[in-house]
Amino acid sequence: MSILRQPLKLALVQLATGADKAANLARAKVKVIEAARSGANIVVLPECFNSPYGTNYFPQYAESLSTPILSQSFTALSAIAKETATYLIGGSIPEVDTTTNKLYNTSLVFSPTGDLLATHRKVHLFDIDIPGKIRFKESEVLSPGDEITIFETKYGKIGLGICYDIRFPELAMTAARKGCFAMVYPGAFNMTTGPLHWTLLARSRAVDNQIYVALCSPARDLNASYHAWGHSMVVDPNGEVMEELEASEGIVIAELRNERVEEVRTGIPVTTQRRFDVYKNVADNN
Ligand SMILES: O=C(O)CCC(=O)C(=O)O
């Protein structure tokens with residue numbers, strides 16, 4: 001069965017971001033136009049591309065999406081998607097729900113006509129504490145989303161997660177079993193877990209599910225309080241890294257094809273060999 005209806009070019013924009021939201025949105029527009037001119041059909045921006053990354057920044061930069069026209073980032077992303085006629089996976093932005101006052105780390109996806117296709121609120125919040133290296137507690141200010149996000153494109157279905165979501169294989173597995181040809185994760189790993197796990201996790205989710213996996217980071221800025229790992233990459237369904245950036249701003253484009261999915265799935269047919277009769281109670285504790 002064809003899960004990818006036609007070949008497509010996927011672009012990851014490893015954006016250089018700063019503290020000025022309007023400047024970040026303007027820079028995103030320039031780079032998405034550049035990607036589209038290079039033939040990209042789907043373009044991805046990084047996690048928190050419109051603000052610095054840090055719990056202290058989220059309340060200040062958060063936008064309500066309840067009246068989209070009033071959201072600076074929503075309107076900008078929709079207009080960029082329309083102008084470039086691309087599917088735009090708009091990284092993520094801090095969102096405030098004004099009825100509950102809760103904050104979320106939220107990704108918006110737009111169609112080539114500028115219509116909203118999907119909204120993903122980061123499900124697994126980035127709460128880690130590695131003594132002497134990094135402590136980060138998104139849950140101090142953010143609330144988690146509660147849904148797996150899958151959206152339909154003319155190419156097929158794509159699953160969407162944000163950064164730390166990649167550490168949870170269940171999310172990608174569920175999306176793959178629902179027919180997604182790719183998982184896309186806007187992300188911003190750091191200088192401790194980046195070198196340890198970024199590539200490992202991307203390749204793992206790809207090879208677990210025999211799907212494409214794309215991770216899109218901001219560029220590294222050593223003057224910022226958070227140093228992003230960079231290394232945006234596209235991994236193929238065999239777990240092979242197709243394209244990868246270093247730490248500075250750039251764009252990578254990879255061509256995704258159904259033949260590659262089929263070739264890998266035929267050679268090593270794990271997608272049809274699963275034994276849910278053996279591990280159907282995967283969520284039980286004992
Ligand atoms: O999982 C990690 O090591 C990093 C996650 C992260 O930076 C994030 O969720 O924003």
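The figures here come from the full heavy-atom set of this structure, side chains too, leaving out hydrogens, waters and symmetry mates. What you see is a predicted model; the values in this text were computed from it and never measured. Whatever order the structure lists them in is the order used to number ligands and atoms, beginning at 1.
Residues Phe58 and Leu108 do not share a hydrophobic cluster, defined by chaining ILVMFWY side chains whose heavy atoms lie under 4.5 Å apart.
There is no side-chain donor-acceptor pair under 3.5 Å between His120 and Ser107. No donor-acceptor contact under 3.5 angstrom links the side chains of Asn24 and Thr17, judged on distance only.
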So what's ligand 1 close to, N/O to N/O, under 3.5 Å?
{"from": "ligand 1", "atom 1": "1 (O)", "to": "Arg167", "atom 2": "NE", "distance (Å)": "2.6"}
{"from": "ligand 1", "atom 1": "1 (O)", "to": "Arg167", "atom 2": "NH2", "distance (Å)": "3.4"}
{"from": "ligand 1", "atom 1": "3 (O)", "to": "Arg167", "atom 2": "NH2", "distance (Å)": "2.8"}
{"from": "ligand 1", "atom 1": "3 (O)", "to": "Thr193", "atom 2": "OG1", "distance (Å)": "2.6"}
{"from": "ligand 1", "atom 1": "7 (O)", "to": "Ala188", "atom 2": "O", "distance (Å)": "2.8"}
{"from": "ligand 1", "atom 1": "7 (O)", "to": "Tyr226", "atom 2": "OH", "distance (Å)": "3.2"}
{"from": "ligand 1", "atom 1": "9 (O)", "to": "Lys122", "atom 2": "NZ", "distance (Å)": "2.7"}
{"from": "ligand 1", "atom 1": "9 (O)", "to": "Tyr164", "atom 2": "N", "distance (Å)": "3.0"}
{"from": "ligand 1", "atom 1": "10 (O)", "to": "Glu47", "atom 2": "OE1", "distance (Å)": "3.0"}
{"from": "ligand 1", "atom 1": "10 (O)", "to": "Glu47", "atom 2": "OE2", "distance (Å)": "3.3"}
{"from": "ligand 1", "atom 1": "10 (O)", "to": "Tyr53", "atom 2": "OH", "distance (Å)": "2.5"}
{"from": "ligand 1", "atom 1": "10 (O)", "to": "Lys122", "atom 2": "NZ", "distance (Å)": "3.1"}

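For the pair Arg5 and Tyr155, the cation-pi criterion (under 6.0 Å, within 45° of the ring axis) is not fulfilled.
The aromatic rings of Tyr53 and Tyr226 sit perpendicular to each other, their planes meeting at more than 60°, with 30° as the lower class boundary.
The residues Glu63 and Lys21 are annotated as salt-bridged, a charged nitrogen and a carboxylate oxygen being separated by less than 4.0 angstrom.
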